[in-house]
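Working notes, structure below.
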2 protein chains.
Amino acid sequence: MKCCDMKGFLSYLILWNLSKKSMSGSEIACDLERRRGNKPSPGTIYPALKELKEKGLVTADKDKVYSLTKKGERELTDACKAFSVLFFDVKDMFSCCKLQLLGCGKRRL
Amino acid sequence: MKCCDMKGFLSYLILWNLSKKSMSGSEIACDLERRRGNKPSPGTIYPALKELKEKGLVTADKDKVYSLTKKGERELTDACKAFSVLFFDVKDMFSCCKLQLLGCGKRRL
DNA sequence: CTAAATATATCGGTTATCCGATAGTTATCC
DNA sequence: GGATAACTATCGGATAACCGATATATTTAG
């Protein structure tokens, strides 16, 4: 995702999560554990959040709950666009492994 | 994609391409240019192919045309599975950038 | 309130990822 | 055949991405 002002897919997924719901660092880590199978280290998640904050893409309230900024929303939109071009044939990839798209778009936190 | 025996998304996309059609290095590079917007450097594509070959995931014939091996097919299937879990809600990501004037997501209320 | 548990944050270092430069190889064209 | 272009390949290095260890802060339990 070099087209965007983010580190990589980790930052992309963080922004993506925050676009749905404001979350704390540990909540974000839990979501990433579900996606990747292993939980990101504190040394991974908090520096990423710090960088996103410094770039003005997210903000944190007094309870350390992070939210997307307007700039972050724009960034995420750009990233989603790049992502959809990069993986334009993602449907074929999914069907490649015969995995059902269970509840695509809705998941419980 | 640390769950798989590949470098990253670059190797993943190489395997994915080869699963559709045997290709030379430059053909692969052209596809990646379409996906990413910029063409990968020779110093990117050929070391990746070399690594895949050394791992037994691809083979090259005398004309330097690369093909997936059986092992490569299995590896790709595993990678597709991990990919589909990692981006299980990819449909929402795609629609995110199509509805950019309406905003990408809903924040917590 | 105090102690334990959890969450947040930082730092240094390791590995991954990728590129530019360079060189050798193959194809094309006259 | 020989020159030119395109492709293939390697190398060293720059940066990204991430983790483990550690430290601090906050919450929870008794």
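Only this structure's heavy atoms are used, side chains among them; waters, hydrogens and symmetry mates stay out.
Across all strands shown, D:dA29 is found opposite C:dT2 as a Watson-Crick or G-U wobble partner, with both distances under 3.5 Å.
To the nearest angstrom, C1' of C:dT8 lies 12 Å from CD1 of A:Ile28. With rounding to whole Å, B:Ile45 atom CD1 is found 10 Å from C:dC18 atom P. The separation between B:Arg36 atom CZ and C:dC19 atom P is 5 Å, rounded to whole Å. Atom CG in A:Leu52 sits roughly 13 Å away from atom P in C:dA9 (whole-Å rounding). For the pair A:Lys53 NZ and C:dT8 P, the computed distance is 11 Å after rounding to whole Å. Here the P atom of nucleotide C:dA9 and the CG atom of A:Asp63 are 12 Å apart, to the nearest Å. Rounded to an integer number of Å, the gap from B:Met23 CE to D:dC7 C1' is 14 Å. When the P atom of D:dA25 is taken as reference, atom NZ of A:Lys62 falls 15 Å away, rounded to whole Å.
Under 4.0 angstrom from either OP1 or OP2 of C:dT25 there lies no side-chain N or O belonging to B:Tyr46. The side chain of A:Ser26 contributes an N or O atom lying less than 4.0 Å from OP1 or OP2 of C:dT8.
When distances are taken from the side chain of A:Pro47 to each of C:dC11, C:dC19, D:dC18, the shortest belongs to C:dC11.
Comparing A:Lys64 and A:Pro42 against DNA chain D, the residue whose closest nucleotide sits nearer the 5' end is A:Pro42. Between B:Ala60 and A:Lys39, the residue anchored nearer the 5' end of DNA chain D, judged by the nucleotide with its closest heavy atom, is B:Ala60.
For A:Phe87 and B:Phe94, the distance between ring centers is not under 6.0 angstrom.
The backbone N or O of B:Ala48 lies less than 3.5 Å from no partner atom in the side chain of B:Glu51, so there is not a single donor-acceptor pair.
In this pair, B:Phe9 and B:Phe83 present their aromatic rings perpendicular. The plane angle is above 60°, beyond the 30 to 60° band.
Using a 4.0 Å heavy-atom criterion, one finds that A:Gly43 contacts the bases of the nucleic acid, with or without backbone contacts as well.
Side-chain atoms of A:Arg35 and A:Leu13, non-hydrogen and from C-beta on, do get closer than 4.5 Å to each other.
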Next on the checklist: For a side chain to side chain donor-acceptor pair (under 3.5 Å) check, start with the C-alpha distance between A:Trp16 and B:Asp92, then their side-chain angles and the critical distance, and finish with the verdict.
Outcome noted: CA-CA 10 Å; A:Trp16 176 248; B:Asp92 298 337; 5.9 Å; no

